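Working notes, beginning with the structure itself.
In this text the structure is predicted, and so the values were computed from the model without any measurement.
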2 protein chains.
Amino acid sequence: MAEIGRLAGVSQVTVSRALSTPDKVSPETLERIRNAIERTGYVPNAVAGALASSKSRLIAALVPSVTNIVYASVLHAFSEIMWDRGYQIMLSETGLELDREEKAIATHLSRRPDAMLLTGVRHSAGSRRMLHNAGIPVVEIWDVTDTPIDCCVGFSHKEAGRVAADFAVGAGYAHAATITAGDERAICRRDAFAHRYERLTGTKVQAADFAAHATLGLGREGLAQLLDRNLPRGSVIFCSSDQFAQGALVEATARGLCVPQDIAIIGFGDQEFAASTVPALTTVRIDRQILGQTAANALLARFAASPETAMVHDIGFEIVRRQSA
Amino acid sequence: MAEIGRLAGVSQVTVSRALSTPDKVSPETLERIRNAIERTGYVPNAVAGALASSKSRLIAALVPSVTNIVYASVLHAFSEIMWDRGYQIMLSETGLELDREEKAIATHLSRRPDAMLLTGVRHSAGSRRMLHNAGIPVVEIWDVTDTPIDCCVGFSHKEAGRVAADFAVGAGYAHAATITAGDERAICRRDAFAHRYERLTGTKVQAADFAAHATLGLGREGLAQLLDRNLPRGSVIFCSSDQFAQGALVEATARGLCVPQDIAIIGFGDQEFAASTVPALTTVRIDRQILGQTAANALLARFAASPETAMVHDIGFEIVRRQSA
DNA sequence: GTGAAAGCGCTAACAC
DNA sequence: GTGTTAGCGCTTTCAC
């Protein structure tokens, strides 16, 4: 930067100004500086800038997994807005364990990000303490809570399970089952579904649970297990993701069962393929784009220090009724 | 850090050493320093460290899209290794346009990453120049070229298309068609497939092309289009992704066509669901985990300055024959 | 094994 | 509108 200044016949500070606040530099000077930068191929050092200004324009984003489309698409919407505002994303995958998240938080904090995005609302005490000390805006996504660290953008998984049960009962399904992945929030939905369904109908809800993440193959296996345990015809199955739902659909079809007459299926997530399967999937839609955007805007609002911003955004969900239930 | 030193009765430098090279500090001193850190909840400032040492331990990763499982899973494998070695990932999505990539490269370079991961082997002249000036290790993934910027880990898309055509001919399919997304590399595979198939059989290959990214819905539409154009029974369809293949499968089944007897389908990618559809998908497998790991190791090797490391790694691919073709 | 000094490349505060 | 000065919080080098 000093070198650029020399070439342009100005001091180093003026170059700094030309880059950050061009309107505070005279047009002619600016021109000369731009020229020098062009000629030399100079790339400013944002690390030094961050140290001097204690603003990194870096956002740490911690998600359980990038290969899960559900988190990936939120991240996509989130980072698009952030990128447009000049922020960049440092990414880490935390899996589902709290201590891995804690380690990731500590490491990221040492980079002095301007804000942090966390998935879920459960965090270790150590994580909370570090985040508190760091004093940066934090947004927790994919869930809601009365006690957010800072802001929170998500929806109630309990409520989603309940509403799905209400739907199942309202649609007249006299029996129900669940296929659930090994994910805290999925389990919460399953329990809420079963609770509500059992209370309303007095009929026990059967469960096929998997410790792994949801795949089409496991969805098939889930339905197979349920059928082996004599799941009655006319049952509805509440799946913890559309992957499972599609798997159940494939398995049902392979066995010559009609969906939704013999077996009805409810997915979760309303993924891209859900509308195009045969029959099309009835599912719970979460607007992941809105979720990501709202999270980004919440952080941006915090940067602008708007104090009146609501801290918890419940973006809700919606049952999308198609043909599978 | 000076504060920690005060509390531990040593100088600031000793604290620095205790953190980076603990064995160069006496056990008792170390103990007192660790204590002070624990008490205060001190988090080192990696920004200052990066500035002083000009080592950021940050890797910039540029992929077309995180919501595409194919890139996401490579990223996952890549970042897992990098994380274990103490590196963190700055992520950007570049889409498919070269100038967006160039902007992202410039921005990331200002953060002084220790290395950069790029998707594909085509980059703008400006990108190449900046990367060259930066003098950091660069790994290009998902393709191979004779003229890598630095290292390159991928496979030949041309070869993949050709081998798929050989497979189709060898399996006795007398007609062929393609369903292709608007992606440079997918188009390359399509062309190689068509070329080879036409040369071997003398029969023209029909094409359904989409500008958008591959989805199940578009796969259905692709087959529908092909069928409307009187695609003969007994044709094989080479899809640019498993999503398309699954869509074609759904559409064929919905129309009462038998797969592979009436229509045979070849996917691309061997995604998680490919083995579990009915019939299971014949597809081209790319080992995305190996790809990501190889990319990470190539960079790590560059850091260690091993000069004998091969610059281009062709990880190949494999036709996985299941039931759909 | 430990410390003092210098400096990484910027921004902030203040002069002019 | 532009320059001067003083750091930001570390690592590096060299001395002891």
Side-chain angles (χ1 to χ4, degrees), chain A residues 1-34 36-37 40-58 86 88 106-114 133-136, chain B residues 1-34 36-37 40-58 86 88 106-114 133-136:
Chain A
M1 194 175 256
E3 168 72 5
I4 299 294
R6 253 194 352 85
L7 290 172
V10 292
S11 78
Q12 175 262 117
V13 230
T14 307
V15 180
S16 172
R17 273 195 276 261
L19 259 21
S20 51
T21 49
D23 32 283
K24 289 190 170 172
V25 171
S26 78
E28 309 87 68
T29 315
L30 199 56
E31 182 54 25
R32 271 179 298 141
I33 292 175
R34 292 238 163 102
I37 291 179
T40 52
Y42 164 76
V43 179
N45 186 329
V47 177
L51 179 61
S53 66
S54 49
K55 283 193 202 79
S56 63
R57 299 198 78 85
L58 232 34
Q88 280 167 85
T107 310
H108 278 98
L109 245 23
S110 77
R111 307 261 178 205
R112 299 298 188 262
D114 287 348
N133 289 343
I136 55 171
Chain B
M1 195 174 257
E3 169 72 7
I4 299 295
R6 255 196 348 87
L7 290 173
V10 292
S11 77
Q12 175 260 118
V13 230
T14 307
V15 180
S16 172
R17 272 195 276 262
L19 259 22
S20 49
T21 49
D23 32 283
K24 289 191 170 171
V25 171
S26 78
E28 309 86 68
T29 314
L30 200 57
E31 182 54 26
R32 272 179 297 138
I33 290 174
R34 292 238 162 101
I37 290 177
T40 53
Y42 164 76
V43 179
N45 185 328
V47 177
L51 179 61
S53 66
S54 48
K55 282 193 204 77
S56 63
R57 299 198 79 84
L58 230 36
Q88 281 168 83
T107 310
H108 279 97
L109 244 25
S110 76
R111 307 265 179 203
R112 300 297 188 263
D114 287 348
N133 289 343
I136 55 172

Can you tell me how far OG of B:S26 sits from CD of B:E28, rounded to the nearest 0.5 angstrom?
4.5 Å
What contact category does A:S53 fall into here, base, sugar-phosphate, or nothing, at under 4.0 angstrom with non-hydrogen atoms?
sugar-phosphate
For A:K24 and C:dC16, give me the distance from atom NZ to atom C1', rounded to whole Å.
16 Å
Is A:R112 side chain donor-acceptor paired with the D:dG9 base, going by distance under 3.5 Å alone?
no
Checking all strands, does B:V10 fall into the base, sugar-phosphate, or nothing category for heavy-atom contacts under 4.0 angstrom?
sugar-phosphate
With the side chain of B:K55 defined as its heavy atoms from C-beta on, choose the nearest nucleotide among D:dT12, D:dT4, D:dT11.
D:dT12
May I have the distance from A:R57 (atom CZ) to C:dC10 (atom P), rounded to whole angstrom?
17 Å
Considering every strand and a 4.0 Å limit on heavy-atom distances, what is the contact class for A:V13: base, sugar-phosphate, or nothing?
base
Check this for me: does any side-chain nitrogen of one of B:R34 and B:E31 sit under 4.0 Å from a carboxylate oxygen of the other?
no
So, OP1 or OP2 of C:dG9: does either fall under 4.0 Å of a side-chain N or O from A:Y42?
no
Give one of base, sugar-phosphate or nothing for B:T29, where a contact means two heavy atoms less than 4.0 Å apart.
sugar-phosphate
So, is A:S26 near the phosphate of D:dG1, with a side-chain N or O under 4.0 Å from OP1 or OP2?
no
For a side-chain contact (heavy atoms from CB on, under 4.5 Å) with B:V15, tell me which candidate from B:V10, B:T29, B:L7, B:V25 qualifies.
B:V10
Whole Å only: how far is the CD atom of A:Q12 from the C1' atom of D:dT2?
12 Å
Remember a base hit wins even if backbone is also touched, and classify A:S54 as base, sugar-phosphate or nothing at under 4.0 Å, heavy atoms.
nothing
Distance in angstrom units between A:I33 CD1 and D:dT2 C1', rounded
10 Å
Send over the distance from B:E31 CD to C:dG1 P, rounded to a whole Å.
17 Å
From CD1 of B:I4 across to P of D:dG9 the rounded distance in Å is 13 Å
Using modelled atom types only, decide if a donor and an acceptor are shared between the side chain of A:R111 and the backbone of B:A46 within a distance under 3.5 Å.
no
Could you tell me how far apart B:R111 (CZ) and C:dC10 (C1') are, to the nearest whole angstrom?
13 Å
Tell me the interatomic distance from A:I37, atom CD1, to C:dG9, atom P, rounded to whole angstroms.
16 Å
Residue whose closest nucleotide on DNA chain C lies nearer the 5' end, B:R17 versus B:L51
B:R17
Verdict with reasoning, A:R112 to A:S54, per side chain to side chain contact (heavy atoms under 4.5 Å, CB included):
CA-CA 8 Å; A:R112 299 298 188 262; A:S54 49; over 6 Å; no
Please figure out whether B:V15 or A:A48 has its closest DNA chain D nucleotide nearer the 5' end.
A:A48
Sorted by position of nearest nucleotide on DNA chain C, 5' first, the leading residue of A:A2 and B:R32 is B:R32
